[in-house]
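Below is one structure, written out as structure tokens, with a few remarks after it.
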Amino acid sequence: MDSPATTMGGLSITSTIEHKFSNNGERQAWPRELHRVFCMQGGDTDVSYAKNSEATACAIALSKPLLHDAIASMKLFRGAESIRIADLGCATGYNTVSTVEFVVENLRKRYEVELSHVPEFEASFSDLPSNDFNSLFQLLLPSFDSTERPYFVAGVPGSFYGRLFPSRKLHLVVSLNSLHWLSRIPEAVLNRQSPAWNKGRVWVDGAKDEVIEAYEKQSEEDLEAFLQCRKAEMVEGGILFLLMAGRPSLQPPENQLNDEDTRAKHPFMIIDQAWKELVNEGCIEEEARDMFNIPAYMRSIEEVKSAFEKCNGFEIKNIEYLKLIEHSKEKQDDWIKDPSSYGRAKANLVQSGLRPLIEAHLGKISTEKLFNRFEKKYSEDINLLHKTCIYGLIVVSATRK
């Protein structure tokens, strides 16, 4: 996983940010509806998601044995003319294509071995309307040059915090690296009159109690909404498979990250520091920083279980907390020899996920300053390269009751 900031499949509900900030003569309006700007960076540039999803692929690979087990235990639907699969928060790039192909291949094998009838397969790729579907579909085209199409394809734009499909339509749903993104920034943290106003910070980790509670409540509402929608859309016996950024069991929500080394070099923490420096230097207005918050929250296993219990539509078959190391020892050694390349890599990575959101808030000029400072901090602090950043993951497979 690139970081917990990878895909933004769920963001759609309106925000209350209404202020405008000057940006070297430009006037940039922060949109009320975050889903219009919150997406993976499209295209094929150095800061695109397509070129910065290696770590995401590692997270998916880590979860694939569990996905294989879920498919192996899934009920086969006798007489079904087609099996319908959905990838929610798909973003773009090879990761989403390889996941759906993995699902189709394994399901097809089971039908061939266990039943005489092999159904057709339909795959729906869903993400916010701002997602780069063009790049995704161009990537899919080579799969359909053969005489036998492996599966039929549809694109479904929309938020997975709302309904996306008709009732009782889907047999298998996956959502990978998306559900840690909230549907919106909690309103209280943007209200100057609220005790939860998150002044001086752009994220929730280590924030005061009122901010934590606002994020925790929003996270709870969002996951419950997600599950209720899937409960309506899935057939009995269908499989729901989730992979999201998470935190260790029983760790309090104010500690969103694993340990002090992770906290020291996590991209969200470094971008917070870069923002503070630019505010102190007068390069970015303080209010612009105070009115920006990263809408991400790492749940615990207990919080995920609680949401499933309230939904009462699924039986959890397996839930695990996994750890993903930021990069290999070999790559770390290479970066220690060339710290500037590490800074560029981390800046490209974070821009692939957060740049559209930040640019909508600050405008292009200030956004460039922010990411230049972000890159500089990684490149010049050699101590960061000697620390190990661990990303926590929660994997869930559940059966629709």
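Below, each value reflects all heavy atoms present in this structure, side chains not excepted, and no hydrogens, waters or symmetry copies.
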| task | Before giving the answer on side chain to side chain contact (heavy atoms under 4.5 Å, CB included), spell out for Glu81 and Glu120 the whole-Å C-alpha distance, their side-chain angles and the decisive distance to 0.1 Å. | result | CA-CA 6 Å; Glu81 294 184 359; Glu120 295 179 323; over 6 Å; no

Is any side-chain N of the basic residue among [X] and [Y] closer than 4.0 Å to the acidic one's carboxylate O?
| X | Y | answer |
| --- | --- | --- |
| Arg400 | Glu315 | no |
| Glu303 | Arg247 | yes |
| Glu260 | Arg263 | yes |

| request: Kindly indicate whether a cation-pi arrangement holds for Lys231 with Phe314, taking the cut-offs as under 6.0 Å to the six-membered ring centre and within 45° of the axis. | output: no

| said: side chain to side chain contact (heavy atoms under 4.5 Å, CB included), that's the test. Do Tyr215 and Val211 meet it? Break it down for me. | reply: CA-CA 6 Å; Tyr215 268 87; Val211 175; 3.9 Å; yes

| field | Asn131 side chain to Ala91 backbone, donor-acceptor under 3.5 Å | value |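 Yes; at least one donor-acceptor contact below 3.5 Å.
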
| task | Mark yes or no for whether Arg344, through its side chain, and Ser379, through its backbone, hold a donor-acceptor pair below 3.5 Å. | result |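 Looks like no, no N/O pair under 3.5 Å.
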
| task | For the pair His361 and Trp275, name the ring-plane relationship: parallel under 30°, tilted 30 to 60°, perpendicular over 60°. | result | tilted

| task | With sequence neighbours excluded, tell me which residues meet ring pair (Phe, Tyr, Trp, His ring centres under 6.0 Å) with Tyr342. | result |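 Residues passing ring pair (Phe, Tyr, Trp, His ring centres under 6.0 Å) with Tyr342: Trp335, Tyr378.
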
| said: Under a 3.5 Å cutoff, is there a donor and acceptor pairing between the side chains of Ser135 and Asp132? | reply: yes

| message | Holding to salt bridge (Lys or Arg N to Asp or Glu O under 4.0 Å), I want the full list of residues that pass it with Asp338, two or more places apart in sequence or in another chain. | response | none

| field | Ring-ring centroid check His180 Tyr297, cutoff 6.0 Å | value | no

